Amino acid sequence: MRDFSGDHRWLSLNTATVRKQGDFIAIAQACAKHGIRAVSPWRDQVAAVGLDNAVKAVRDNDLELSGYCRGGMFVGDASRHAEIRDDNRRCVDEAVALGAPCVVLVVGGLPQYSRPGSAPSRNIVNARAQVDDGISEMLEYARQASMPLAIEPLHPAYAADRACVNTTEQALDICDRLDPNRTGMLGVALDVYHIWWDPELMSQIARTGKDRMMAFHVCDWLVPTTDILNDRGMMGDGVIDIKAIRAAVEAQGFAGYSEIEIFSHGWWDRSMDDVLGVCVARHMTAV
Ligand code: ZN
C-alpha cells in the first residue's frame, strides 16, 4: 500500500465537501493554494459557473479530475426515457470537456424519487432492471466518447431514493452482464461510507480487478449518525477501517486518488481553508 503519511499527492477533493463555502472557481483556487492536485466536481456546481469557466478553472489551477459526479438516476416513467438518456449524454460530454477519467453513476432508486413526477412504485426489482437498461444505453454513448462509467454502490439506506445498487457484488454483477469482455469502459467507484459494513466486501474487492477499480472515495461513519445524507464524518472521526479497505483496493492495482467526499452540515459550517487544512492532515494520518 502506498505511504500517504509524508505528503498529500494522492488526495483529491470531491467538491461537494465545501459546496456551501464557495463556487467551483473558488474551490479550484483553494485546492491549488493547499497543494491539492485533483478534484471531483458535481454537475450542479459546474453548471452554476458555466462549463467553459469550470474547464478554465481546472486548467488555470493545474488540477486533474478523479471523477465527475454524477450520471445516473436511470429509473423513471417510460415517458421520461428520452430525458433520462439525454441528461446522461450531456453528463458524458461535460466529463469529456473537463478531462474526467470517469463518470460516477448514482443509479437511482424507486421512480418517484429517482425522477420526481414519475408514478409511484414499490417495485425495486423493476427499478433494478431499468438500471441495467439505462447503463447499457449510456454505455454505448460513453464508448463513442471514450469516457468510462463507474457504478457507485450506495448503502442500502438509500435504496429507495438514490440507488438500488447497494453492494459491491451487485455493481460488479452489472459490469459482468454489460461489459463481459472487460473493455475498461465500465467499472465501480468504491466509497468507504457505502461499503464498509458489507461482510462480502473484501472478497468482492478481490474480484474487482484493476480495470474495474475506477474511483475510491473516503470519509468516515460517525456513531451515532444523525442524518444519513448529510452527517458524514471526517476520516479518523468514525468507525471505518479506511486503511484496510485502501490496502485491499490498492492490492488490486489501483494507484489513483483517494477522493475525500464529505456531506456534512458540521463541515459546511467551517471555512474553506479550515476544512481543506483538516482534509490534508487527516489524509496523511487516517487514510
Ligand atoms: Zn462517493
Side-chain angles (χ1 to χ4, degrees), residues 10-19 27 36 38-46 64-74 91 95 98 100-109 114 131 135 148-159 161-172 174-175 186-198 201 204-205 208 212-222 225 227-235 237-242 245-246 248-249 254 256-264 267-268 275 279 282-283 286-287:
W10 293 108
L11 188 170
S12 173
L13 182 78
N14 184 296
T15 59
T17 304
V18 285
R19 71 177 328 139
I27 293 169
I36 293 171
V39 293
S40 183
W42 279 69
R43 290 186 77 190
D44 62 324
Q45 290 175 291
V46 168
E64 294 188 345
L65 264 64
S66 58
Y68 188 49
C69 296
R70 58 174 164 58
M73 295 295 168
F74 297 107
C91 182
L98 287 158
C102 61
V103 168
V104 173
L105 300 182
V106 173
V107 298
S114 172
V131 166
I135 295 175
L149 305 179
I151 304 167
E152 183 166 359
L154 261 55
H155 188 283
Y158 301 91
D161 57 353
R162 284 189 167 72
C164 57
V165 172
N166 305 107
T167 63
T168 307
E169 179 177 29
Q170 206 186 343
L172 289 171
I174 295 172
C175 293
L186 186 62
V188 295
L190 297 186
D191 184 327
V192 298
Y193 193 74
H194 296 302
I195 61 175
W196 71 276
W197 57 273
D198 183 355
L201 178 61
Q204 291 300 320
I205 289 177
T208 304
R212 286 182 173 165
M213 193 75 77
M214 293 182 174
F216 181 58
H217 301 173
V218 297
C219 65
D220 216 332
W221 185 278
L222 301 178
T225 291
D227 179 330
I228 194 67
L229 184 60
N230 294 321
D231 189 30
R232 289 185 179 212
M234 178 63 67
M235 301 81 67
D237 287 348
V239 297
I240 302 177
D241 193 345
I242 300 171
I245 299 175
R246 183 165 74 86
V249 164
F254 180 79
Y257 287 99
S258 282
E259 177 182 321
I260 298 175
E261 182 181 39
I262 300 172
F263 314 141
S264 162
W267 290 99
W268 284 325
V275 176
C279 283
R282 294 296 180 87
H283 181 82
V287 179

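For ligands, and for the atoms within them, numbers begin at 1 and follow the listed sequence. Every value quoted in this text rests on a predicted model; they were computed, and no experiment measured them.
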Enumerate the protein N/O/S atoms at a distance below 2.8 Å from the Zn ion (ligand 1), ignoring waters.
Glu152 OE2, Asp191 OD2, His217 ND1, Glu261 OE1
Residue from Ser258, Ser12, Pro41 passing side-chain contact (heavy atoms from CB on, under 4.5 Å) with Ser66:
Ser12
Sub-3.5 Å donor-acceptor pair from the side chain of Thr225 to the main-chain atoms of Ile228, do we have one?
no
Locate the shortest heavy-atom distance separating Trp267 from Arg232; write the atom from each residue and the value.
CD1-O, 4.3 Å
Tell me whether Glu259 contacts the main-chain N or O of Ala215 through its side chain, where contact means a donor paired with an acceptor under 3.5 Å.
no
Arg162 (side chain) donor-acceptor with Leu154 (main chain) under 3.5 angstrom:
no
Salt bridge or not between Asp44 and Arg19? Use side-chain N to carboxylate O under 4.0 Å.
yes
